[in-house]
Amino acid sequence: MEHEPEFEKTRKNTHKRNKLKHLLISFTQPLQSFFKTIWKGASYGALFMTMLLIFSIGFDFHTGLGQIMDVILFLLIAVVSTLLTVKIGTWFIEHFKRLPSLLIASIGVSLAITIYTLDQFRQLENILPLSYLLIAVGIILGAMFGYPLSKGIKKPMSMIMLLFGILGTSAFSYWLFTPGLMNDRLSINVEPLSPVSDNPSEYGSFDVTTYTYGSGKDKQRPEFGEQVDIQTMSVNASSMIGEWSKEREWFWGFKDTNVPLNGRVWVPKGNGSFPLVLIVHGNHKMEDFSDEGYNYLGELLASRGFLTVSVDENFFNSSWSGGLAGDINGRAWLLLKHIEEIEELSSQKDNPLFDKVNMDQIALIGHSRGGQAAILAAKFNDLDRYPNNGNMTFDFHYNIESVIALAPTDYQTLSDRKIEVDDVNYLLLQGSYDSDLSEFEGDRQYNGIDLTGRKEAMKAALYIDRANHGQFNTTWGENDTYFPFTLLLNKDPLLKGTEQRQIARTFVAGFLEATLHQNESYQPMFEDYRYALEWLPDTTYISKYEDPSYHIYSTFEEDVDVTTATSPYITIEANSLLQWYEGELEFRRDKERGTHGVFLKWDHSYSKNGTYKLNFKKALQDPFAYTMNSSLTFTAANLSDPSDQQPVDFTITASSDNGASASVKLSDVMQLQGVLPIQHTKTKYFEEGRYGEPTEPVLQTFNIPMQQFLEANDAFNPKKMNALTFEFNASEKGKVYIDQIGVNQGD
C-alpha cells in the first residue's frame, strides 16, 4: 500500500486549521465589535448606579447642616469618591486587563462600594444578592445606551439597543417605585362576638390640655427649648449607656452627663388625679423626632381620663454619628427618671400638673426598642441596684400596674439572664408585615411574664396580619427601613396607617380601661379578639391570653419523654400520626422562643384517625379539676405548608369515669387560622437571606367550655374526666404545635 506523502498530510492539516481559524474569526469578530461598542456605556452604567445609590441616601440623611446641604454633600461624595476610586482601580489593573480597564474598574469599584454601603444597614450575607442585582442592572442598561452612542443612533442595531434600553429602564423604574405586590390571601370569614362594652377607640368625655416639659435649652426643638411650658432638670445617664460621640454632642448640644427630661403631656380637664401613662418610642433616626408620632394615643387616652406623656429619647437613637451601646438600659432607666420628675412636678402648687397625677396607677407603653425598655423599666423598678453595676443604686419602687409593648425587640438580657417580671398586666401587639423586626420577638417577652396569682393581672397578645413596624407611629409611617432601601419593600399588602392605628387605639385604650380604671367589661376582648372585631379593620387576627384563673397541667417543659406531662398523674400516647415529637418553637430565622410544646403531623393518605391522648391516672385536684363552669384551654399554632392557607380543624373528645365521652369540633369554638405567608420585599432574590422562612408559627389561645361538651353528651361528667383526646379527623392533612394544656376556671 502506497503511503501518503508527508508534505501532503501537512498541507491538509494546515488547510483544516485555517478553515477553523477563519470560522472562529467570522464568529468572534461581530462579538468583539459589539463589546467594543457597548463597554463604555456599561462602565458608566455601573458607575451611575453606584453614584445614584450614595446620592439617594442624602435625601434621608440628616447631619444637622440642613436638607439642601445634606443633598449637596452626598452628591459630591457620590461623584468624587466614585470617580476617584475608579481612577485608583484603573491604575491597579492596567497591566492585567484583557477587557477594557474602565469596564473592569467600574464593575469592581461599583461592587465594592455598593456592598460596603449596603453592609452598613444589613449583614453581608443578606445584601450580596442585592448588590449583584443592582450592578448587573446598571451594566446591562448602560450597555444598551452605550451601543447607539458609539455606533450612531441611526443604525438598525442602535435603534434596537436603544429601544431595549428604554424599555429596561422603564421596567426597572416601575418595579422600583411601585408599592409591591399583594400577597394572595385566602378569605376566611370570622364572625364577631357581640361587644360587651363601648368602643374604647372613641374619644371619652374629658376635654384635653396639652403641655410640654423639658430642659428649656433644646437646640433642635423649640417646644423643649425656649417655648417649653414646664422646665425640668437634666440627669446623668453616663453610667447607663455607651460612649457619647462628639458628633452626637455637637448635634444635640449636651453630653450624656446632662441628658434632658423632655415630654409631651396630655392632661384631662377636670378635678381629681388621673392614672399616669408614659409612651416611649424606639430606635429611629435621631433627627426624625419620634416622640411626635404618638399624638393620636395621647389625645385619645387623655380624653378617657389618663394623664399621658410621650417621652423624648431621640438622643439615644442611631444616626450618621453611630449608635449607643446599652441603649435599652438607658431608655428604661430614663423612663423611670421621668416618673420621678413627674411625681415632683405634681407636688408643686404653681405647676399645671399639681394634684393631677395618681402615682398609684402607672402604665408604660413602648414601641420597638421602647417596648423592651418598658418591660425592663418595670424590672428596674423592683430592684435596689443596677445588675450591670452594683455600685449604682435604684430607688424607684413605683406602682407600675401595666405594660404595653408595640412590636417590641427582645434581645436585651440582665447578667446574661432573660428579663422576667411577675404579676404585671401585659399587652403585646405585633404585625405580620413588620419588615424591621421580622420575627415575633415579643412572644418571647410575653413568655417572660409570670402570673403567680398573688394579685389579679392578665397578659394578652394580638398578632395582626398586614400590619408593619412603623405605622404604630405617625412619624415612622409605612417605611420600616431607610431610603432608598424602602423602595425594595413590598408595601402593597399593608394595612393603611389609619387602620393600623385604629387597632392600636382600640386595644391600648381598652387594656388601660380594664387594668387602670378596673372596668372588667373590657376583659373579654383580650381573651377573645372577636369581642372587639366590630371596631377593627378587616384582616386576620391571632390572639393569646392568660390570667390567674388559667391552671396549666401540661407545659412540655418537664423532660424529653413524650409520654409524660408536667403533672406526674398524666400519661400521653399517640397513634397513626406522621410526626409526634416535643421541641422548642422557632421564629422565622431559627431563633428559639424559649417555650416547648408538642409537634403533631397527620396525612390521611398515610393513615386516618390520628390521635394524641392525655390519660389521667387519678382525678385532677383543685385548681386543675374541671367543673361544670370551667373550660379546657390550650394554645395551638398552624405549621402547615405555606401553600396551604386553609384553617386546620380537628376534634377534641373528653371522657369521664362513667364511660361517657363528648366531642367538640375546634372550628365550632374558634378557627385555627391558616398559615400566613409573608413576602417583605418585591423580589425573592434576597428574601430568604434577610427574612428567613415565608411563614412564622403564631399561637392562638383556645377555650372550650365544659358546657359545650355537656351539650354534646349530658352523660359526660367533667368532674370525673379521665382522658382528653385530640382527634385529627376533620382535615385531610396538617401539622400543628400544641402547648399550655390546662383548665380555665373563669369567674
*Using a strict cut-off of less than 4.0 Å between a Lys/Arg side-chain nitrogen and an Asp/Glu carboxylate oxygen, indicate whether K682 and D492 qualify as a salt bridge.*
no
*At their closest point, which heavy atom of A712 faces which heavy atom of A662, and how far apart are they?*
CB-CB, 4.2 Å
_side chain to side chain donor-acceptor pair (under 3.5 Å) for N329 and Q412? Distances and angles first, verdict last._
CA-CA 8 Å; N329 293 340; Q412 186 75 3; 2.9 Å; yes
*Does the pair D423/K455 count as a salt bridge with the N-to-O cut at 4.0 Å?*
no
*Does any non-hydrogen side-chain atom of I741 lie less than 4.5 Å from one of D739?*
no
*Output every pair passing ring pair (Phe, Tyr, Trp, His ring centres under 6.0 Å) with a member in residues 646-683, not counting sequence neighbours, ordered by first then second residue.*
Y433-H680, F650-F728, H680-Y691
*Where do T595 and N447 land on the side chain to side chain donor-acceptor pair (under 3.5 Å) test, with the steps shown first?*
CA-CA 8 Å; T595 182; N447 294 330; 4.7 Å; no
*Begin with the C-alpha distance, continue with both residues' side-chain angles, and end with the deciding distance and a verdict on side chain to side chain donor-acceptor pair (under 3.5 Å) for T653 and T725.*
CA-CA 5 Å; T653 299; T725 306; 6.0 Å; no
*Stepwise, does the side chain to side chain donor-acceptor pair (under 3.5 Å) test hold for E557 with H596?*
CA-CA 6 Å; E557 302 294 339; H596 293 77; 2.9 Å; yes
*Quick one: ring pair (Phe, Tyr, Trp, His ring centres under 6.0 Å) partners of Y522, sequence neighbours excluded?*
none
*Among Q707, Q745, M706, which one satisfies side chain to side chain contact (heavy atoms under 4.5 Å, CB included) with N629?*
Q707
_Qualifying ring pair (Phe, Tyr, Trp, His ring centres under 6.0 Å) pairs with a residue from residues 626-647, counting only residues at least two apart or across chains_ = F634-F702, F634-F726
